[in-house]
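As the structure lists them, so they are numbered: ligands from 1, and atoms in each ligand from 1.
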Amino acid sequence: MAEFDLSATFIPSLHKPASLLPIARHRQSLLYLIEAYPVTIVVGQTGSGKTTQIPQYLEQAGWCADGKVIAVTQPRRVAATTVAIRVAEEMGCKIGEEVGYSIRFEDVTSASTRIKFLTDGLLLREALVDPLLSRYSVIMVDEAHERSLSTDVLLGVLKKILKRRKHDFRIIISSATLQAEDFLTFFSEDGESQTKSETSKAVTLDDLISSGGAPTQPASNSSIGQIINLEGRSYPVDVLYLETPAEDYVERAVQTVFDIHTKEPDGDILVFLTGREEIDNAVQGISERAANLHPRAQALMPLPLYAGLSTEQQMYVFEEAPEDTRKVIFSTNIAEASITIDGIVHVVDTGFVKLRAFNPLTGIETLTATPISKASATQRAGRAGRTRPGKCFRLYTESNFLSLPEVTVPEIQRSNLAPVILQLKALGIDNIVRFPFLTSPPSELVIRALELLYSLGALDSYAKLTKPLGTRMAELAVEPMMAKTLLSASSFGVLSEMLTIAAMTSLGGAIWISHDGEKKMETAARRKFAVEEGDHITLLNVYQAFITKGKKEGRFCHDNYLNFKTLTRAVSIRAQLKRYLERFGLVVQESLSGTSNPNLEPLRVGGPDKSEQIRRCLTTGYFAHAAKMQPDGTFRNVAGGTILHAHPSSLMFNRKAEWVVFHEVMETGNKTFIRDVTKIEKGWLVEYAPDFYKIR
Ligand code: CDP
Ligand code: MG
């Protein structure tokens, strides 16, 4: 028989047929459980097909009859968009038709959308308009084990909705690790006497198979839900530790990638880092050093994966690497469970993740690199064994591992709760203490949030939502401090300017891009738009220059080191925020104060008076983020304690100021940076937030 070359004869299929996914065997039993019980908890390994297949099964089984919609929530925006695109592809439709997604400031759905992926925060927001979420027949809360703030609050809201919609509503909770019992207990508890054993009968596979799909003995009707376990196919993963802890884990990760590349067999590499800066550095580190590889060596293709990337950029990680090339994906926690990338054989786990942490004493919320939990480490290692046996290189020692916490503390216990409390109040949930939380938030966090909302004028002294300010703040798709700023803006005559500032600070992506190695030029370009008063007005200048010049002249963005895409997004966000305000009956008088200057150099907004009004207006929302410069050039916030540094991207970096307000805080290494910083007068703080500064 003639030999023939397999790889020359066969072309790999574009997608692995969905019928081969582990979940396919459970289709019948899943649909049975969802039909029979209000709550179904699906436990299965990442990659088993939960996110992409369950909504399709539901749609085929008729859950979208009468125009009803199936919602699948994701804790992350990236996951919502990528899975939606994938499911649309599988169903052969254009994204936004039968399958769509909706994330803050980006709604890609239409009247024909039957399966809708959205962030859990956005679904909560929908409940403001449609309190029973009546357009949905099924809501699947995906990645519930991550316990994001919005997921936890959503679960409480869904539990309340379920009481009112006993017959026409189903909840599916999907979780990658075994926290299933907790979720079931949560939905079962009611003060009504339901014992745990009665409500948490796990249906085993054997039960289901032996009865041809349906559980042999359906649990009693009083039972609210069932757990179904989809056993995932996975291969053994060898876990390796360092003998001594790594000093610089980014550097060590890059080195480990090269070690794997030169010593280990084929297969792509997934590296867990904590954020964009680290990831960009690592990608660059690989590119630089790859040049020194042996010329005949297999190539390395480093790819970043983090939330700030555009959808197209994120899609690269799913593409198969060219022949003789090994993909190395440097990712944040996104790749831990939310996103499945095929072909990963080696995992490099640095052992850190960026977590939100709110300090109730200083009122500052930071995003800090924190050691992961054991559950996370296990989940990360599991990413290596999806297609064949793999290896996980932990950049820490075994005793480090043993000292890690079992699971990550849920976000609700370490976040600024002002945004969610505002939302709960707007949903008519006045008694926060009695709200069914999966895990109760610490009382000091609740108190701090109530204090802030009161000082912002969103709550009255009985902790009731004020009208119209409080209700409007809840409706606006920006956090409470910015919402207050926007809603105060007309009284300062700066509504048009503040809309722009709100849009520019909500971007998430980079406004500036440096062309290769031209950092100095970029800084010079920035200076063109800079004003003495600080970053907010500088952002306003950038935006105004963009809409007057940048949208028309192709080279404008390139020459000024501006990111065309990000700025285009700003235009769209601004338009959306403007529509909200117009719905409230506010009139936006567009003013383009800077256009009279033909050369754009320098382009200045308004006069000193306009600038003062903008800064006063910012103070009405951001008084809790006020800080004073110290003789050494660092800042202290009013509560004292925390040493804050102006971020290098800020105008206030290396500049003199007295008092400032800032938009946000971020941590890099062991320094706390403030970003988007603007000068204010001390007196304004007492003028606009007398209660807040009295409370202190
Ligand atoms: O949700 P779960 O982790 O259980 O799995 P899934 O996200 O539904 O993924 C099922 C399969 O689809 C996996 O083999 C993925 O690799 C594949 N998939 C993909 O190739 N591209 C996507 N954007 C999403 C999923
Ligand atoms: Mg999933």
One finds that the ligand 1 atoms under 4.0 Å from a non-hydrogen atom of Thr46 are 3 (O)
For the pair Glu336 and Arg383, evaluate salt bridge (Lys or Arg N to Asp or Glu O under 4.0 Å) and give the outcome as yes or no after the intermediate values. CA-CA 7 Å; Glu336 192 179 296; Arg383 316 313 302 121; over 6 Å; no
Near Gln45 (heavy-atom distance under 4.0 Å), the atoms of ligand 1 are 4 (O)
request  = Examine all N, O or S atoms of Thr51, backbone included, and report whether one is under 2.8 Å from the Mg ion (ligand 2).
outcome  = yes
Exercise. Any cation-pi pair here, Lys116 with Tyr101, using under 6.0 Å and within 45°?
Worked result: no
*Would you sort out whether Arg114 and Glu59 count as a salt bridge (Lys or Arg N to Asp or Glu O under 4.0 Å), showing the intermediate values?*
CA-CA 8 Å; Arg114 299 280 78 96; Glu59 196 263 345; over 6 Å; no
- Task: Please work out which of the three classes, parallel, tilted or perpendicular, describes the rings of Tyr249 and Phe352, given edges at 30° and 60°.
- Result: parallel
Near Ser48 (heavy-atom distance under 4.0 Å), the atoms of ligand 1 are 2 (P), 4 (O), 5 (O)
Worksheet item: Between Arg380 and Phe272, is NZ or CZ placed under 6.0 angstrom from the six-membered ring centre and within 45° of the ring axis?
Response: yes
| request: Return yes or no for this condition: an N or O of Asp342 is under 3.5 Å from an N or O of ligand 1. | output: yes
Could you tell me whether some N/O pair between Thr52 and ligand 1 is separated by less than 3.5 angstrom?
yes
Looking only at N/O atoms, are Glu90 and ligand 1 under 3.5 Å apart anywhere?
no
**Q.** Gly47 N/O under 3.5 Å from ligand 1 N/O
**A.** yes
Self-check item: Any N or O of Arg86 closer than 3.5 Å to N or O of ligand 1
Solution: yes
Can you check whether Asn416's main-chain N or O pairs, donor with acceptor, with Glu365's side chain at less than 3.5 Å?
yes
Self-check item: Main-chain N/O of Glu181 paired to Thr185 side chain as donor or acceptor, under 3.5 Å
Solution: yes
| request: May I ask you to check if ligand 1 and Gly49 share an N or O to N or O distance below 3.5 Å? | output: yes
| query | Is the closest N or O pair between Asp142 and ligand 1 shorter than 3.5 Å? | reply | no
Output, in order, the C-alpha distance, side-chain angles, deciding distance and verdict of salt bridge (Lys or Arg N to Asp or Glu O under 4.0 Å) for Glu411 and Arg147. CA-CA 6 Å; Glu411 227 172 37; Arg147 305 290 310 274; over 6 Å; no
